[in-house]
Undergrad: 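Encoded as structure tokens, here's the structure I'll be asking about.
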Amino acid sequence: MLRKNGVAATGIDPTPELLEYARKKDQTGVYLEGSAEQLPFGDGSFDLVVSYLTLIDIPDYRTAIQEMARVLRPGGTLLLANLTSFNTACEEGGWVRGENGELLHYPIDHYLEERWAWMAYRGIRVRNYHRPLRAYMGALLATGLRLVHFDEPEPTSAAAAVKSAKYRRVPYFLVMEWEKAAD
Ligand SMILES: C[S@@+](CC[C@H](N)C(=O)[O-])C[C@H]1O[C@@H](n2cnc3c(N)ncnc32)[C@H](O)[C@@H]1O
């Protein structure tokens, strides 16, 4: 997406199968095997760092956030999208339904407790981490970056009204933009 919009980009992922898939889709793109906790780049190498739904997958999120801040140039931007923490605090399969299948409520529990759980999609099993929002915010504030934008975006698709209503009741995503002070 970034490259289609004219942004020179470097992708990082520790999962070889996903790198292979990315390289197939974008044959002239740069996709490197690596982990966010140890970015193979010098300080201040990038104008923009994007973490799109990766914090929930990263075991050592504190180090990863420090690394994201380190590789940003002064004046650069860190753009984050993550699952909301009340979402990841729901342990047992999500929505509780009524007798007719209607959505009653979305239970959350042990909110302040950091933990992980196995999640499976399309035959792929991954560890998803739950951390309270304060854990991520604490790690981000510790970098000295400045928060300049925060949102829990509302779904906009009228075509999927039922789905939209669900995500309006329990938003899935949050987005944040953090800025590194210019020199
Ligand atoms: C939910 S997927 C999101 C992938 C992609 N950003 C997207 O939206 O399609 C999470 C990604 O985080 C990657 N990941 C897992 N551990 C990581 C780590 N320690 N550092 C960086 N990425 C990691 C996974 O391999 C996976 O590609």
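Every number for a ligand or one of its atoms is a count from 1 in the order of the listing.
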Undergrad: Below 4.0 angstrom, counting only protein heavy atoms, does anything approach atom 22 (N) of ligand 1?
TA: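 Answer yes: something from the protein, a heavy atom, is under 4.0 Å.
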
Undergrad: Which heavy atom of the protein is the closest neighbour of atom 17 (C) of ligand 1, given with residue, atom name and distance?
TA: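 I find the closest protein heavy atom is P14 CG, 3.5 Å.
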
Undergrad: Would you mind running through ligand 1 and noting each atom that sits below 4.0 Å from a heavy atom of L18?
TA: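 Result: 25 (O), 26 (C), 27 (O).
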
Undergrad: Which residue and atom name correspond to the protein heavy atom nearest atom 19 (N) of ligand 1, and how close is it?
TA: E37 OE1, 2.8 Å

Undergrad: Do the side chains of L103 and R97 get nearer than 4.5 Å, heavy atoms only?
TA: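 Counting from C-beta outward, R97 and L103 do come under 4.5 Å.
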
Undergrad: At what distance is the nearest protein heavy atom to atom 5 (C) of ligand 1, and which residue and atom is it?
TA: Y52 O, 4.0 Å

Undergrad: Which heavy-atom pair separates Y167 from P155 by the least distance, and what is that distance?
TA: CB-CG, 3.8 Å

Undergrad: Tell me which protein heavy atom sits closest to atom 12 (O) of ligand 1, plus the residue, atom name and distance to 0.1 Å.
TA: T54 CG2, 3.6 Å

Undergrad: Could an N or O of ligand 1 be found under 3.5 Å from any N or O of S35, whether backbone or side chain?
TA: no

Undergrad: Quick one: is the NZ or CZ of R127 closer than 6.0 Å to the six-membered ring centre of W118, and within 45° of its axis?
TA: yes

Undergrad: With the side chain counted from C-beta on, respond yes when D47 and V7 share a heavy-atom pair under 4.5 Å apart, and no when they do not.
TA: no

Undergrad: Checking a contact table here: which protein heavy atom is nearest atom 26 (C) of ligand 1, and how many Å away?
TA: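 Residue, atom and distance for the closest contact: D13 OD2, 3.5 Å.
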
Undergrad: Distance to 0.1 Å, residue and atom name: give those for the protein heavy atom nearest to atom 20 (N) of ligand 1.
TA: A36 N, 2.9 Å

Undergrad: Quick test of your reading of the structure: of L53, V50, I12, D57, whose heavy atom lies closest to atom 16 (N) of ligand 1?
TA: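 Selected option, by shortest heavy-atom distance: D57.
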
Undergrad: Judged by modelled atom types alone, do R134 and S85 share a side-chain donor-acceptor pair under 3.5 Å?
TA: no

Undergrad: Working note: V49 + E67, criterion side-chain contact (heavy atoms from CB on, under 4.5 Å); need CA distance, chi angles, decisive distance, verdict.
TA: CA-CA 10 Å; V49 172; E67 281 289 274; over 6 Å; no

Undergrad: Return the orientation label for the Y52 and F173 ring planes: parallel under 30°, perpendicular over 60°, tilted otherwise.
TA: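 If you compare the ring of Y52 with that of F173, the planes turn out parallel.
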
